[in-house]
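All ligand and atom numbering here is 1-based and tracks the order in the structure. Source: prediction; values computed, not measured.
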Amino acid sequence: MTNVRSATLDAVLTHSGSGSFQLPWEIGVFAEIFGTEHGRILPMVERVADPGATIEKAEASTCSPMVESVSGAHNHSRKLFLGHAVSTELGRVHPTPEEQLSLMAQRFELILAHSFEASVLGRRIQDLDREERLAKIELALGGKSLGTLKKRYGQAARFVTWANGENMVAFPIAGQVAEEYLQHLSTSAARHSALTGAIESMNFLHHVLGVDMDPRACLAPVVQGILRKARKNRPPKKQARALKVCELLDLENALTSHDYSAIDRFCIGCFLAAVYGRARLGDLRVIEGVLLDFTENQADSCGYLEVVSLSHKCSMASNRQGLRLHLVIPAKGIGPRCWGRDFVQVAKECGRDLDKISSGEPLLYMPDVHGGFSDVPAETATFTAWIAEILGTMPSFCGERITGHTAKHTLLEWMGKAGLDLDNQSLLGHHVLVGRNSALTYARDQQSSPVRKLEAMLSDVRLGVFLPDVSRSGMFAKNPKPLGIISLAPQDQPGESGQAEPSPVVSEVGESTADRVGLEAEWELPNASENMSEEMWYKQLADDDGGAFSDAPDDAIGLGVFDKDPAAEDSFEPGSSSSSESSSDESLDEKVQACGALASSSRSDVGAECSVYQNRMTKKLHLLPRGSSSNKFVCGRLLDDKHREFVGGVMVASMKCISCHRGKPINDVGALCHALDAASKRRRTSGA
Ligand SMILES: [Zn+2]
């Protein structure tokens with residue numbers, strides 16, 4: 001405000017000095033109408049004396065009602081999506097899955113180039129030209145998910161650049177190398193996952209790319225000792241929390257509430273689908289479609305939404321067997337209404353009919369600033385942040401952070417508390433039954449009986465018979481209250497009112513059984529497997545990490561996470577993890593490139609008359625004419641600090657700026673001089 005004031009003052013001062021000459025309306029008859037006070041016919045309008053004071057007055061008089069009206073609108077319909085909107089006008093590059101695979105092949109080429117002679121694949125492709133080389137690498141990576149590849153690349157890149165910094169060659173992976181690398185990691189205070197990741201990546205390099213490795217390299221006493229120590233000092237994992245009954249109920253109610261904008265309500269609907277479908281948010285990341293199977297509204301059921309997930313955690317294994325994960329989602333939750341129908345209605349309002357979602361799409365796209373959908377799918381992290389903010393505005397919110405696993409965990413925890421048998425729990429949680437054919441888990445019809453049991457439990461919650469939030473022995477109410485009454489006043493829950501307060505003896509019994517059922521059903525605790533081989537142990541641990549716990553990023557599938565730093569899992573340089581997130585993955589590629597035989601090779605398709613710059617945000621590649629004096633790219637954009645020179649070779653076609661690559665590289669005097677110089681030099685050398 002002070003700026004505006006001083007600007008106004010400045011303007012008044014500069015313009016008040018220009019009264020020395022006579023203007024047309026100060027002469028003759030016009031002066032009588034428009035002129036100064038004496039001798040004018042028309043009455044004078046009050047003049048502004050001190051602009052500062054006036055503005056202050058104006059502020060006092062006009063601003064306060066304005067503020068009020070703004071906050072009034074805010075109350076009327078919150079626009080929470082704004083905080084999560086992705087800007088679409090940025091023009092960020094979205095490579096296709098094929099292009100992403102090509103990028104990964106190019107990156108692993110750089111890894112192999114660290115020492116072509118030291119791997120089966122490297123020796124095979126060393127003398128081929130680049131196209132063929134990349135094609136072979138892509139074949140070798142076949143069937144691995146992009147998420148895995150990105151993770152392994154980050155780990156391998158870290159390994160290779162470390163070796164390069166130590167002036168040694170990491171391949172073949174000998175016991176000495178593995179030992180020193182692990183030692184380096186443990187002294188640089190790397191996290192536990194970085195240590196296990198290093199071993200995983202060495203095994204990946206050996207088994208997938210055929211890098212020569214001493215089979216006993218990872219079994220060396222020092223390596224094993226470092227791992228054992230890290231495991232022992234590992235911080236305990238945090239379990240995802242379940243939603244409270246009143247929170248879930250509020251979410252259901254919000255679907256029809258006008259307090260929230262349509263797109264925020266759509267997000268709520270998607271989250272409820274995950275909760276009632278006992279699904280990870282990632283399961284909704286790529287779906288085959290939504291099937292609406294509603295029945296007449298009954299007390300306990302009003303049908304189902306069926307979603308076929310193409311991106312669930314075990315999609316690698318099950319797709320191989322031709323199995324799809326069917327999520328059968330009860331459309332009636334714990335609220336009085338049928339949330340499924342409400343969700344369909346909200347979807348219509350948003351112009352995104354659920355039954356018209358086509359195969360390969362996510363259930364939820366992130367919003368844009370106008371309240372519509374962008375083309376960016378909701379990843380687990382962004383989805384969670386959005387729904388967490390919505391939940392935070394609800395009166396029932398208990399204040400405890402929710403995580404990506406909360407959706408899946410909520411009903412599983414309730415089922416555990418309700419004492420549902422383990423087989424049913426496993427089926428409902430889409431876990432493969434121990435010792436059974438995994439086809440069972442994926443068979444759609446196999447779910448009908450467990451889902452009926454689930455609906456019975458939901459009905460118990462609705463009727464207030466089963467109270468999942470109450471301390472364990474008081475979970476089944478002696479004189480039930482229907483849910484509507486409990487939820488409207490969250491502080492009035494039976495557990496806190498003392499009505500169902502357990503006696504200590506009962507409490508102990510209830511605790512032990514409920515705990516056992518609840519925990520063992522979902523996870524095998526790692527320390528229950530003392531005599532397992534180290535490798536098995538880590539394999540299982542790695543599985544867990546993507547699984548039911550909250551401390552690991554829930555990105556087991558990682559489709560299309562292009563903009564993510566490949567090394568994000570374990571920060572490339574300890575201590576500087578995500579500060580330069582946008583630039584670190586290219587510089588990582590370039591660092592890796594500098595470590596190998598391809599260090600000095602450049603891209604073939606960039607002409608000598610231009611240098612390449614990359615926009616850190618959008619990843620677009622622009623061409624700057626050499627010798628340019630105006631610092632403008634061929635396409636006309638200005639070179640600024642958003643851009644960095646792109647010296648590596650890891651790129652795909654969709655990253656190129658089309659106008660740059662089509663335009664003429666001479667667009668200013670400097671570039672013209674440079675081009676003329678080059679031309680005359682050529683002429684001189686050819687003439688001589
Ligand atoms: Zn351009």
Which residues share a side chain to side chain contact (heavy atoms under 4.5 Å, CB included) with Ser115, sequence neighbours left out: Glu117, Ala118, Val169, Phe171

Can a side-chain donor-acceptor contact be found between Asp640 and Tyr613 if the only test is distance below 3.5 angstrom? no

Can you list, by chain and residue number, the protein N, O or S atoms under 2.8 Å from the Zn ion (ligand 1)? His622 ND1, Cys635 SG, Cys657 SG, Cys660 SG

Going by ring-ring contact (aromatic ring centres under 6.0 Å, His included), name the residues that satisfy it together with Phe159, two or more places apart in sequence or in a different chain. Tyr181

Considering the options Trp386, Phe373, Tyr260, which one meets the ring pair (Phe, Tyr, Trp, His ring centres under 6.0 Å) requirement together with Phe266? Phe373

Could you check whether Ser261 and Asp264, counting side-chain N and O atoms only, form a donor-acceptor pair closer than 3.5 Å? yes

Hits for side chain to side chain contact (heavy atoms under 4.5 Å, CB included) against Glu361, two or more places apart or cross-chain, chain-then-number order -> Arg352, Ile357, Ser358, Tyr365

